[in-house]
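In what follows, chains are A, B, ... by sequence order, proteins preceding strands, each numbered from 1. Hydrogens, waters and symmetry mates are skipped; everything else that's a heavy atom, side chains included, is used.
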Amino acid sequence: MKPRFTALKGVADVLPPETGLWRKIENTACLVMGAYGYEEIRPPVMEQTGLFLRSIGGSSDIVAKEMYTFTDKGERSVSLRPEGTASIVRAYVEHNLSSRPAPQKFFYSGPMFRYERPQKGRQRQFYQLGAECFGIADPGVDAEMIIMLMAFLDRLGLKGLSLELNSIGCKECRPAFRERLREFFAPRLGELCPDCQRRYEQNPLRILDCKVERCGEIRKGSPLISETLCQDCREHFTALLEFLDVMGTAYVFNPHMVRGLDYYTRTVFEVKGGACMGAQNAVAAGGRYDLLVSEFGGPETPAIGFAAGMERLAGLLQGEAVTPGPALFIASLGKEAAVEALKLASRLREGGTRVELGWGGFSLKSQLRRADKIGAGNVVIIGEDELKSGSFKWKNLKDGSSGEAGREDIFAQFSQAK
RNA sequence: GUGGGCGUAGCUCAAUUGGCAGAGCACUGGACUGUGGCUCCGGGGGUUGUGGGUUCAAGCCCCAUCGCCCACCCCA
């Protein structure tokens with residue numbers, strides 16, 4: 001049999017037991033971020049196309065060639081969101097959330113869409129879990145958010161992650177840096193890779209994180225953004241590092257790190273995973289975006305946020321995905337016994353005990369075999385004899401112990417099991 | 001959008017020079033009339049991704065196409 005339909009390229013079903021991992025990740029995020037005062041926000045997955053043009057930047061690849069954009073029946077250009085921040089900022093402005101006491105803190109989780117060639121750690125429909133904090137410019141907020149992110153990752157049990165950060169300046173000092181970079185690379189423009197020659201025109205900062213070895217050599221001795229930062233940006237970044245030092249949060253200052261989205265200002269950061277992730281090894285990334293809210297028509301509002309890739313987090317937790325078996329399996333022989341089994345199961349299930357039934361009128365042996373296969377902890381057998389005597393046999397499949405007990409005793413015995 | 005690799009059972013893979021499409025695992029039933037795991041026996045499952053071509057004969061050779069994977073670009 002061939003399936004008549006298959007999933008689209010670059011979209012994937014998340015199946016059990018992996019969905020358990022996803023549940024764990026979201027629950028952990030809710031728990032950890034809740035302690036930091038973050039509340040969940042659920043924006044729509046589609047928006048006016050213009051929202052993303054303005055926020056992410058028309059020159060970025062995301063907008064230029066990766067958006068799922070279509071015209072709806074009202075002749076409006078609509079896009080599936082390629083990232084989360086734009087929608088949250090739109091909601092913040094639209095609902096006047098600046099009138100609530102600052103800071104306003106939100107987290108979200110859901111699917112994002114980018115029309116890219118899939119590869120390891122990258123899908124066309126992918127899931128991000130992120131957080132945004134509005135209204136406070138203090139570098140302590142940057143530190144707090146980064147510490148929260150690391151606490152979240154730590155709580156998941158992830159090891160061997162590295163936090164990198166940098167400051168890319170503000171609208172005052174970044175243009176000057178771009179020019180200094182251009183001046184530096186101009187004499188050797190011809191030696192750069194074709195991509196970097198393009199970057200030279202479009203976004204010279206990107207030359208700094210090119211992976212081509214030759215480009216890496218050419219950029220040795222290039223100007224560093226840290227040398228070009230204005231006084232305010234420099235103080236902001238220094239204060240952030242001091243907070244992290246005090247809190248014992250390990251980080252790597254990466255003066256070459258650049259972020260892809262146009263709206264970032266000052267602090268940018270990225271958490272990288274191990275080599276097992278392939279080329280797409282960033283599990284989370286974010287930064288400050290102090291201009292975006294006013295750009296969207298709101299009051300001047302400093303803000304900072306991050307997003308983490310669910311598939312990438314789940315990938316790092318691979319191997320932990322297991323579905324535990326039911327606490328109890330009730331095997332029954334005959335219709336009357338099946339009814340009795342269903343009644344007992346229903347009572348136990350009301351109390352939260354996971355119970356499976358041996359439907360199908362199979363032999364006792366096959367029912368027990370199935371109980372074993374699905375990893376049941378215990379089995380209760382109900383047959384003609386048990387119906388007659390009112391005493392059910394039970395057996396622990398893990399240690400082999402067994403016994404007999406009346407209906408109510410059985411109920412009591414397993415009502416605490418999960 | 002660019003480059004490379006791979007498509008045979010649910011999964012992992014065999015199939016000699018082009019010569020009857022197979023194994024293990026998994027699923028399912030039995031041996032054992034009502035006691036799981038171990039063992040043994042049986043069963044279901046395939047248009048060899050798809051469409052053309054060469055040939056007496058194609059899983060294998062040729063062309064095209066689709067899909068998956070990996071990398072580039074970009075990005076979580």
Side-chain angles (χ1 to χ4, degrees), chain A residues 1-3 6-12 15 56-57 59-67 81-85 109-130 149 193-196 198-199 202-203 206 209-212 258-261 269-273 277-287 305-316 325 329 331-334 337 358 360 362-387 392-400 402:
Chain A
M1 281 274 286
K2 285 202 189 324
T6 57
L8 293 169
K9 183 199 257 308
V11 309
L15 304 173
I56 299 168
S59 66
S60 73
D61 275 23
I62 293 179
V63 165
K65 52 186 195 191
E66 296 176 359
M67 285 221 291
R81 62 181 183 189
E83 60 109 34
T85 301
S109 174
M112 307 293 164
F113 306 84
R114 290 181 201 170
Y115 193 88
E116 305 178 88
R117 279 286 272 275
Q119 70 183 80
K120 192 177 182 68
R122 177 203 284 166
Q123 296 282 303
R124 288 182 172 178
Q125 175 174 339
F126 60 105
Y127 292 75
Q128 283 189 340
L129 186 159
L149 170 59
C193 71
D195 285 325
C196 279
R198 179 175 51 78
R199 290 171 180 132
Q202 290 179 354
N203 187 356
R206 283 232 153 268
D209 65 357
C210 178
K211 291 173 192 165
V212 177
V258 186
R259 305 264 60 249
L261 284 51
F269 55 93
E270 190 167 308
V271 179
K272 289 181 177 170
M277 293 183 67
Q280 308 300 321
N281 65 347
V283 295
F306 75 81
M310 287 289 289
E311 289 85 352
R312 296 180 186 182
L313 291 174
L316 288 176
F329 185 100
S332 60
L333 296 161
F362 296 121
S363 69
L364 181 62
K365 173 173 281 292
S366 70
Q367 292 188 57
L368 287 177
R369 187 141 53 192
R370 208 181 114 213
D372 183 63
K373 287 217 175 96
I374 64 177
N378 298 275
V379 61
V380 162
I381 297 164
I382 305 178
E384 288 171 23
D385 297 348
E386 287 77 5
L387 283 177
F392 301 165
K393 289 181 178 154
W394 61 268
K395 184 170 184 177
N396 182 315
L397 295 181
K398 303 298 178 192
D399 63 21
S402 61

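Rounding to whole angstrom units, CZ of residue A:R124 and P of B:rA76 are separated by 18 Å. Protein atom NZ of A:K398 is 21 Å distant from nucleotide atom P of B:rU35, rounded to whole Å. A:I374 places its CD1 atom 12 Å from the P atom of B:rC27, with the value rounded to the nearest Å. In this structure, the CZ atom of A:R198 is 16 Å from the P atom of B:rG1, given to the nearest Å. Rounded to whole angstrom, the span from the CD atom of A:Q280 across to the P atom of B:rA71 amounts to 7 Å. Distance OH (A:Y115) to C1' (B:rC74): 15 Å, rounded to an integer number of Å. Rounded to a whole Å, the CG atom of A:D399 is 14 Å from the C1' atom of B:rG37.
Counting non-hydrogen atoms under 4.0 angstrom, A:V379 reaches nothing in the nucleic acid. When heavy atoms are screened at a 4.0 angstrom cut-off, A:E384 is found touching base atoms of the nucleic acid. Nucleic acid contact class of A:R122 (heavy atoms, under 4.0 Å, all strands): base. A:G121 comes within 4.0 angstrom of a base, heavy atoms only. Counting non-hydrogen atoms under 4.0 angstrom, A:A282 reaches the backbone sugars and phosphates but no base. The residue A:K9 sits close only to the backbone: its heavy atoms come under 4.0 Å of sugar-phosphate atoms, none of a base. Residue contacts for A:L313: at a heavy-atom cut-off of 4.0 Å it reaches no nucleic acid atom on any strand shown.
Counting atom types as modelled, A:E386 pairs a side-chain N or O with a base atom of B:rG34 as donor and acceptor under 3.5 Å. Side-chain atoms of A:K365 come within donor-acceptor range of the base of B:rC32, with a qualifying N/O pair under 3.5 Å. For B:rG3, the base has a donor-acceptor partner in the side chain of A:R117 [N/O atoms by modelled type, under 3.5 angstrom]. Applying the 3.5 Å distance criterion, the base of B:rG37 shares no donor-acceptor pair with the side chain of A:D372.
When both pairing distances are held under 3.5 Å, B:rA57 makes no Watson-Crick or G-U pair with any nucleotide shown. Nucleotide B:rA64: paired with B:rU50 (Watson-Crick or G-U wobble, both distances less than 3.5 Å).
In terms of phosphate contacts, A:S366 brings no side-chain nitrogen or oxygen within less than 4.0 Å of OP1 or OP2 of B:rU28. Dashed line: the shortest gap from a side-chain N or O of A:R370 to OP1 or OP2 of B:rG36 is not under 4.0 Å. The shortest distance between the side-chain N/O atoms of A:Q119 and the OP1/OP2 oxygens of B:rC69 is not below 4.0 Å. The phosphate of B:rG36 has neither OP1 nor OP2 within less than 4.0 Å of any side-chain N or O from A:K373.
Partner of A:E116 under the salt bridge (Lys or Arg N to Asp or Glu O under 4.0 Å) criterion, chosen from A:R124, A:R122, A:K9: A:R122.
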